[in-house]
Amino acid sequence: MTTAQTQELDVQPTPLALLLLGREADPRSERGVECPGDLPSPSDPDLVERVRAAKEKLGNKVFVLGHHYQRDEVIQFADVTGDSFKLARDAAARPEAEYIVFCGVHFMAESADILTSDDQKVVLPDLAAGCSMADMATAEQVAECWDVLTEAGIAEQVVPVSYMNSSADIKAFTGKHGGTICTSSNAKRALDWAFEQGEPHLTKVLFLPDQHLGRNTAVRDMGMSLEDCVVYNPHKPNGGLTADELRAAKMILWRGHCSVHGRFSLDSVNDVRERIPGVNVLVHPECKHEVVAAADYVGSTEYIIKALEAAPAGSKWAIGTELNLVRRLANRFAPEGKEIVFLDKTVCFCSTMNRIDLPHLVWTLESLAEGNLVNRIEVDKETEAFAKLALERMLALP
């Protein structure tokens, strides 16, 4: 449609349409992130009653999981909330629930399917709810990386450690090659375990797929240097590294990152300190190393929530994590006089997580209530076996 036709029909483009047309664009945004100036508007309120009715009809047959980054209109219907691993374990602890509806993204639903029984069916309300970080490491790319490590003569010295935010295929690769999974809460314990698996001065870790969590844990928590870390780029021959660079490294970091947490910059930290004197900067370890180094506190989503719960009244906080959670925490603690702001001045949210909205949740629950199984997430048995092995190694960590 031409501009003239648009004016003739008196059509006003939406903020998102303006963003797609190049207006109100943010050059730092990328796939997995949207910066239209505000969160998506709430869905039709009539849908609220439809969700309640469908949930009531299903009763104990359905168990709804809500990730912390979900929009408020969805999180209100979650039976439990939490990070991805906590939710997967919560699902496994409810064997009487025939349907596990995961309001999160694809890799989370895969993890729930791996940890639940064969009788339980895991459902993702929108199959397009993916994760840009998880998509940055494919099974083919990681297999090619292992060939590069083999040719460099170091594969036998390398222990893979994969972040929970990875596909079932990557978790299976990790299990098959003697590695473990980690969360942002136990990454140091996982790395300590990995370095104990071989000779102390020869063992290396291939950390997948988030380079920032791997680097921050190694340098900030374990005392390594930035020079001990190299970044493997799957889009370059041999990962863009020489055999000597691979042999000298302790941490081989996959070139992946969270599209939301990767946006925060040192400028964001400096700017908020100027705007809000006395502010406490609290960020997720998926942020860039310079952001983590400049922050006052660093921790997982659960750590962030607990830190704000324990914070004194009247304290000021700038939070570097997903916007839906920051907004929810700001509203929750406002009556206590705690000032909580988003670290970046630009309003950005995880667009893939926000794909799970009330229309999708209504369709999912009403379909299940009518006996129609939709959007089931099912991991094949071989992949599940090796992925579960890697997850069990994590569960056995001291």
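Proximity of Gln141 to Trp254: side-chain heavy atoms (C-beta onward) are separated by under 4.5 Å at one or more points. Within the 4.5 Å cutoff, the side chain of Leu361 has heavy atoms near those of the Phe77 side chain. Residues Leu282 and Asp296 fail the side-chain proximity criterion, which asks for heavy atoms closer than 4.5 Å. A 4.5 Å side-chain heavy-atom check between His289 and His212 finds every atom pair outside the cut-off. Counting only heavy atoms from C-beta outward, the side chains of Pro160 and Val205 never approach each other to under 4.5 Å. Side-chain contact check for Lys204 versus Gln157: some heavy-atom pair is nearer than 4.5 Å. Two residues are said to be in side-chain contact when any heavy atoms from C-beta on lie closer than 4.5 Å; Ile319 and Ile304 meet this criterion. Arg89 is listed as a side-chain neighbour of Leu395, based on a closest heavy-atom distance under 4.5 Å.
When all heavy atoms of Arg255 and Pro234 are compared, the closest pair comes out as CB-CD, 4.1 Å. Of all heavy-atom pairs between Arg376 and Asp118, the closest is NH2-O, 4.1 Å. Between Met353 and Gly104, the closest heavy-atom pair is SD-CA, 3.7 Å. When all heavy atoms of Ala194 and Val161 are compared, the pair lying nearest together is CB-CG2, 3.7 Å.
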side-chain hydrogen bond (donor to acceptor under 3.5 Å, both in side chains) between Asp271 and Ser268, worked out: CA-CA 5 Å; Asp271 177 75; Ser268 302; over 6 Å; no
From CA spacing to verdict: side-chain hydrogen bond (donor to acceptor under 3.5 Å, both in side chains), Ser184, Tyr303: CA-CA 10 Å; Ser184 52; Tyr303 173 91; over 6 Å; no
Candidate pair Thr217 and Leu213, rule side chain to side chain contact (heavy atoms under 4.5 Å, CB included), full reasoning: CA-CA 6 Å; Thr217 305; Leu213 177 62; 3.7 Å; yes
Check against salt bridge (charged side-chain N to carboxylate O under 4.0 Å, His left out), Glu309 and Arg332: CA-CA 10 Å; Glu309 287 175 342; Arg332 175 184 169 187; 2.8 Å; yes
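Defined by atom type and a distance below 3.5 Å, a donor-acceptor pair is missing between the side-chain atoms of Ser132 and Asp135. Side-chain contact annotation: Asn186 with Thr183, donor-acceptor N/O pair under 3.5 Å present. Side-chain N/O atoms of Thr383 and Asp380 include a donor and acceptor closer than 3.5 Å. Side-chain contact, Thr364 with Tyr99: no donor N or O sits under 3.5 Å from an acceptor N or O. In this structure, a donor-acceptor pair under 3.5 Å is absent between the side chains of His257 and Asp210. In summary, the side chains of Ser84 and His67 do not present any donor paired with an acceptor at a separation below 3.5 Å, with no hydrogens or angles considered. Residues His68 and Glu322 bring no donor and acceptor atom of their side chains to less than 3.5 Å of each other.
No donor-acceptor pair under 3.5 Å is formed between the side chain of Ser166 and the backbone N or O of Ser162. Using a distance-only test at 3.5 Å, with no hydrogens or angles considered, no donor-acceptor pair links the side chain of Thr203 to the main chain of Pro200. Judged by distance alone, with hydrogens and angles left aside, the side-chain atoms of His360 form no donor-acceptor pair with the main-chain N or O of Ile356 at under 3.5 Å. In this structure a side-chain-to-backbone donor-acceptor pair under 3.5 Å is missing from Arg71 to Asp357. A side-chain donor-acceptor contact under 3.5 Å links Thr116 to the backbone of Ala112. Remark: side-chain polar atoms of Lys338 are paired, donor with acceptor, to backbone N or O of Ala311 under 3.5 angstrom. Counting only distance, with no hydrogens or angles, the side chain of Arg247 and the backbone of Ala152 share a donor-acceptor pair below 3.5 Å. No side-chain donor-acceptor contact under 3.5 Å links Asn165 to the backbone of Ala134. Proximity of a side-chain donor or acceptor of Glu110 to a complementary backbone N or O of Ala168 within less than 3.5 Å is detected. Side chain of Glu290 to main chain of Ser265: no donor-acceptor pair is present (N/O by atom type, distance under 3.5 Å, no hydrogens or angles).
Checked against a 6.0 Å centroid threshold, the rings of Tyr297 and Trp317 count as neighbours.
Put simply, CG on Asn60 and CZ on Arg94 are 6.5 Å apart, with the number rounded to the nearest 0.5 Å. Taking CZ of Phe102 as the start and CZ of Phe63 as the end, the distance is 10.5 Å to the nearest 0.5 Å. Interatomic distance, Thr321 OG1 to His284 NE2, rounded to the nearest 0.5 Å: 5.5 Å. The line from CG of Leu325 to CD1 of Ile305 is 5.0 Å long, rounded to the nearest 0.5 Å. Atoms OH and CG, from Tyr232 and Leu206 in turn, are 9.0 Å apart once rounded to the nearest 0.5 Å. Of the inter-residue distances, the one linking Cys131 atom SG with Met108 atom CE reads 7.0 Å to the nearest 0.5 angstrom.
Under 4.0 Å is where a charged nitrogen must lie from a carboxylate oxygen, and between Arg52 and Glu49 at least one such pair does. Between Glu366 and Arg50 there is a salt bridge, since a side-chain N of the basic residue sits under 4.0 Å from a carboxylate O of the acidic one. A salt bridge links Asp79 with Lys55: at least one charged nitrogen is closer than 4.0 Å to a carboxylate oxygen. No salt bridge links Lys86 with Asp83; every basic N to acidic carboxylate O contact stays at or beyond 4.0 Å. Under a 4.0 Å N-O distance rule, the pair Glu384/Lys171 does not qualify as a salt bridge.
With sequence neighbours left out, Arg189 forms a side chain to side chain donor-acceptor pair (under 3.5 Å) with no residue at all.
Tracing side-chain contacts under 4.5 Å through hydrophobic residues (I, L, V, M, F, W, Y), one reaches Leu329 starting from Val298; they form part of the same cluster. When the side chains of ILVMFWY residues are joined at heavy-atom separations under 4.5 Å, either directly or via intervening members, Leu397 and Leu391 end up in a single hydrophobic cluster. In terms of hydrophobic clustering, with Ile, Leu, Val, Met, Phe, Trp and Tyr side chains grouped at heavy-atom distances under 4.5 Å, Phe85 and Val64 are assigned to different clusters.
Surrounding CD of Glu96 are more than 12 heavy atoms belonging to other residues, nucleotides or ligands, all under 6.0 Å away. Under a cut-off of 6.0 angstrom, the local environment of CZ in Arg273 is crowded, with over 12 non-hydrogen atoms contributed by other residues, nucleotides or ligands. Counting non-hydrogen atoms of other residues, nucleotides and ligands closer than 6.0 Å to CG of Asn372 gives a total above 12. A 6.0 Å sphere centred on CD of Glu336 holds more than 12 heavy atoms belonging to other residues, nucleotides or ligands.
Looking at Ile100, Leu124, Val379, Val123 one by one, the single match for side chain to side chain contact (heavy atoms under 4.5 Å, CB included) with Asp113 turns out to be Val379.
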